[in-house]
Amino acid sequence: MKKSKRPFQVSIEHIPSVCIIIKHDAETSKAVIHELNEMAIEELCFKAKSVKNSPLSKLIGKANAGEVISILSKGDNGPDHEWGNTKFRLEIKGNIYQASFNRLEDEYYLLIFNRMDTDESEINNSEAETKLLRDFIDSATDGCCIIDSDMRIIAINRDGLKILGVKDKNVIGKKVEEISPFAKSSGRYEKYLEVLKNRKSISLDSYFESPDGEDGHYMVVRAFPVGNGMGIIGTDVTGNKEELEMLKLQKGLLESTFNSISDAVIVCSTDRKIIMANPAFYRMYKFKPEDIIGRSTRILYSSEEEYLKQGRLRYNPNAAENFKPYIMRCLRNDGEEFQCETIGARVKTDDGSLLGYLAIMRDISERIKFDQELTHSRQLIEKTFASIREALLIIDYETDTIMDCNPAAESMFGWKKSELTGKPRITVHVDEKQFGVFKSQLFEQVEKRGFLELDSFHLKRKDGSKFPTSHSVTPIANEKGEYMAWVSVIRDVTKHREFEAKLKQKTIDLTERVKELRCLYRITNLTKDTGNDLDQILQELVYMIPISWLEPENTRAKVIYDNKTYYSPDFRDSDIFQRADIVTAGKQMGQIEVYYYGDRKNNPFLEEESDLLNALASEIGRFAERKNDQKKLEETNLMLQAERETLERKNIAMREILESIEREKFSVKQRIQSNIDKIVVPLIRTLAQRLDENNREYLTLLENSLNEIFSPFVDKLQREFSLLAPRELEICNMVRDGMSSKQIASLLNISEQTVLKQRKRIRKKLRINSKRINLASYLKTVENTELSENPHY
């Protein structure tokens, strides 16, 4: 197709900013000046002829040109990229400019530079955006309409009515399918619904039937979101493909310029009724398109007074043109008031007729917050895009060559986008044979299911290495149902396959651990009770071991203990076996052997199986040791029982001897007492008759002492009260016999006061000092207790 010499319809001379059209070659990363306006010539002090077709660096400097080319190379993600939002600052000849990109077509871009060194430059920037938008609106020669979220037409221009062959009153409020039934059959209606749902612009070629029955028209239709609804622009390209390319450039320029305006923009009629607004306006005022379109701008003002004031000053045919910003108080849809910086302008035709008014508004109170949120949103979009892991390839249906790819595809295959695009699809396949199998499956599955899914399919990287992928391929068809391209979504499942293998091995390992634990648990339970028979436990052991090993069908066990051997069913010898000794009380008493008959010649036994075998041997050894200890303990108990019976018999004989001795001692005491009573006592009494009164007391004491020879009183008193001194024992004996303190003092040749002190000490040592108890009575009680406790008296 022949390209236009000027890749745009609206002259950049109408834009009051430094405007440059460049041609960028993505493969060579070079940018050449295609055209520039008068303001660019004046600002940058160059002549148009001297810089046209020259490198961009000649006009704005090498560093600035390098930054421009870098942004173009990194940010060019296709025709849907929002170039109007790509802005940056740079310095040209001592002045600071803010630059923004607008894509015209594949290799052409519009660069707009606005000076940022004074407030006036910001005003010029707003004026430039306003004038540019007005020029596009004034030059619109295509069929245009606005549709709400219910697919009803709410606005349409004359060319749009002409295309549909109806009048305005027959269209407004009606649904698209009522006005144009052909929209559904052609597939346009479904595309419109996608725009409403996904909020993304689309461009498509479509055929429109003529309302008068004549030949129809081939149209290029562009549908894009507007508020909750969408706008549709249709350009008749019948017989003029070159105009189609121009129309695409014009639409792109209009849309990118409109979307690049970060401030709220509103267009109203001469009677101040709202006609259209940009997305920033809806964000600022929190309105929906259906809430404001066709309504008076009064709803935007905080008061009636403010609305009337601005009407007198600016929004009337007689008001003077003034592009300086002004401050007014506005009102959001939720009732919140805020201050707004606004620039108002008139919208005129080329002949000067007033069409309405345009206002560019900026919320001053939320300016900083808005910038922060915008930065956050951009970062979020970039991070989200960078986090997509699946590789995406767009492949031409006819040529089977790669048309486009995403960054994940570059990372996965090792090719840069510029290297991968244009190459045949077989480039990423392992070889021709496998590629042939892939294509046969592709067409077969697409015919049956409409898409192809391969859970495991190997592809190759730039370095030739192969890797497993999960592959999904879906064809893309136009409105006629003709396939145009393939979309391949590819996921590298190398780690997934490794994870599955590890998971499978881990499951096997866990199953084996469960089997081993069951075996150990069973044997441990049996060995807990020493009452169980060792033979039964060993027979159970040779049965449990094979079913607890990795390959039960190829495993048998043998246990040898105390010259006895136990076998698993179907046991036979093998050269491959493992062994663990059974040790009881430090002595090897037997062994457990596990034999293997399978194909795993190298390392046929798991490390855990060896540990289990040692644990089983140790458990059997401990059980046998406990059994031996129990047997010894039983023998010892029997021996102790016999000794206990013998000792009891000896104790009985001893008690009989001791009782005989006590009886003999009692008999001796009685004979001695009888002799004293018969021989000594009469002599003492005879002698007492011959002595005076004083000396008789000594004889009485002598008589009492003789009686005490066999009395337990003194021994009892000294045994229980070991703290009593000999003199205190002597006084206790006299007190018990009823002697007074004076008599005791006279016999012992001491003072009576000394006897009283001794009696106090005796009461304290006998622990009756704080009790009202007579000492003589207490001492007699001690004597009588002793006599009553002695069975021989």
Side-chain angles (χ1 to χ4, degrees), residues 73-81 194 197-200 378-477 483-508:
S73 300
K74 293 180 180 179
D76 189 359
N77 292 317
D80 288 334
H81 183 78
E194 289 181 10
K197 179 180 178 181
N198 301 326
R199 313 306 298 166
K200 290 185 178 181
R378 288 178 179 172
Q379 291 175 350
L380 183 62
I381 292 173
E382 291 173 0
K383 290 180 180 180
T384 302
F385 182 78
S387 67
I388 298 175
R389 299 180 179 179
E390 288 78 9
L392 184 67
L393 297 179
I394 308 299
I395 301 166
D396 185 86
Y397 186 82
E398 296 293 335
T399 63
D400 209 34
T401 57
I402 300 172
M403 301 167 59
D404 202 355
C405 67
N406 65 344
E410 296 180 281
S411 176
M412 179 180 293
F413 291 103
W415 299 86
K416 292 183 179 179
K417 180 178 179 180
S418 59
E419 297 174 325
L420 198 56
T421 53
K423 291 186 178 295
R425 175 161 42 185
I426 195 175
T427 303
V428 298
H429 284 261
V430 175
D431 50 40
E432 291 186 4
K433 181 179 179 181
Q434 190 174 7
F435 182 61
V437 174
F438 166 78
K439 292 197 72 173
S440 64
Q441 292 180 347
L442 173 63
F443 289 108
E444 180 182 351
Q445 291 299 317
V446 168
E447 184 177 353
K448 290 181 179 180
R449 306 167 60 190
F451 61 91
L452 170 68
E453 279 191 1
L454 297 173
D455 292 333
S456 181
F457 190 82
H458 280 76
L459 297 176
K460 70 177 180 181
R461 298 185 175 91
K462 181 180 179 180
D463 59 7
S465 60
K466 304 174 185 178
F467 63 100
T469 66
S470 173
H471 204 159
S472 174
V473 185
T474 306
I476 299 176
Y483 290 151
M484 301 183 299
W486 300 100
V487 177
S488 292
V489 180
I490 305 167
R491 175 181 294 178
D492 186 347
V493 296
T494 303
K495 293 183 178 180
H496 182 67
R497 294 290 181 267
E498 293 174 355
F499 175 78
E500 285 182 341
K502 291 180 180 179
L503 182 61
K504 183 178 180 181
Q505 184 59 45
K506 183 64 69 175
T507 303
I508 294 174

| message | If you apply the rule side-chain contact (heavy atoms from CB on, under 4.5 Å), what do you find for Ser472 with Arg491, and how did you get there? | response | CA-CA 9 Å; Ser472 174; Arg491 175 181 294 178; over 6 Å; no
| query | Are the side chains of Thr401 and Ile395 in touch, meaning some heavy atoms are under 4.5 Å apart? | reply | no
| task | Take Thr427 and Trp415, measure what side-chain contact (heavy atoms from CB on, under 4.5 Å) needs, and give me the verdict at the end. | result | CA-CA 11 Å; Thr427 303; Trp415 299 86; 3.8 Å; yes
| query | Is Arg461 salt-bridged to Asp492, going by a charged N under 4.0 Å from an acidic O? | reply | yes
| query | So how far is it from His471 NE2 to Ser456 OG, rounded to the nearest 0.5 Å? | reply | 12.5 Å
| remark: In this structure, CZ of Phe413 is separated from OG of Ser465 (nearest 0.5 Å) by 10.5 Å
| So, are Lys417 and Asp404 salt-bridged, with charged N and O less than 4.0 Å apart? | yes
| note | Closest heavy-atom pair, Ala409 versus Ala391, reported as atoms and distance to 0.1 Å, is CA-CB, 3.5 Å
| Are any of the side-chain heavy atoms of Leu393 and Trp486 separated by less than 4.5 Å? | no
| Any side-chain heavy atom of Leu420 sitting closer than 4.5 Å to one from Glu410? | no
| field | Interatomic spacing from CD in Gln441 to CD in Glu453 - rounded to 0.5 Å | value | 12.5 Å
| said: Nearest 0.5 angstrom please: Lys423 NZ to Asp400 CG, how far? | reply: 14.5 Å
| said: Do Leu452 and Phe443 make a side-chain contact, defined as non-hydrogen atoms from C-beta onward lying under 4.5 Å apart? | reply: no
| query | When you look at Val428 and Lys460, which way does the side-chain contact (heavy atoms from CB on, under 4.5 Å) test go after all the steps? | reply | CA-CA 5 Å; Val428 298; Lys460 70 177 180 181; 5.7 Å; no
| note | Rounded to the nearest 0.5 Å, the CD atom of Glu390 sits from the OG atom of Ser470 at a distance of 9.0 Å
| query | Where do Ile394 and Ala485 come nearest, in terms of heavy atoms and distance? | reply | CG2-CB, 4.3 Å
| query | Do His458 and Phe467 have ring centres separated by under 6.0 Å? | reply | no
| request: Work out which heavy atom in Pro475 is nearest to a heavy atom in Gly450; give both atom names and the distance. | output: CD-O, 3.3 Å
| request: Would you indicate whether the side-chain heavy atoms of His429 and Leu459 approach each other to under 4.5 Å? | output: yes
| query | Roughly how far apart are Asp396 CG and Met403 CE, rounded to 0.5 Å? | reply | 5.5 Å
| Mutual orientation of the aromatic rings belonging to Phe438 and Phe435 [parallel < 30°, tilted 30-60°, perpendicular > 60°] | parallel
| query | Is the backbone N or O of Ala408 less than 3.5 Å from a side-chain atom of Ser411, with the two atoms forming a donor-acceptor pair by type? | reply | no
| request: List the steps and the verdict of side-chain contact (heavy atoms from CB on, under 4.5 Å) for Arg425 and Val473. | output: CA-CA 12 Å; Arg425 175 161 42 185; Val473 185; 4.3 Å; yes
| said: Would the distance check show the side chain of Thr474 and the main-chain N or O of Val487 forming a donor-acceptor pair, the cut-off being under 3.5 Å? | reply: no
| Does Lys462 come within less than 4.0 Å of Glu419, counting only side-chain N to carboxylate O? | yes
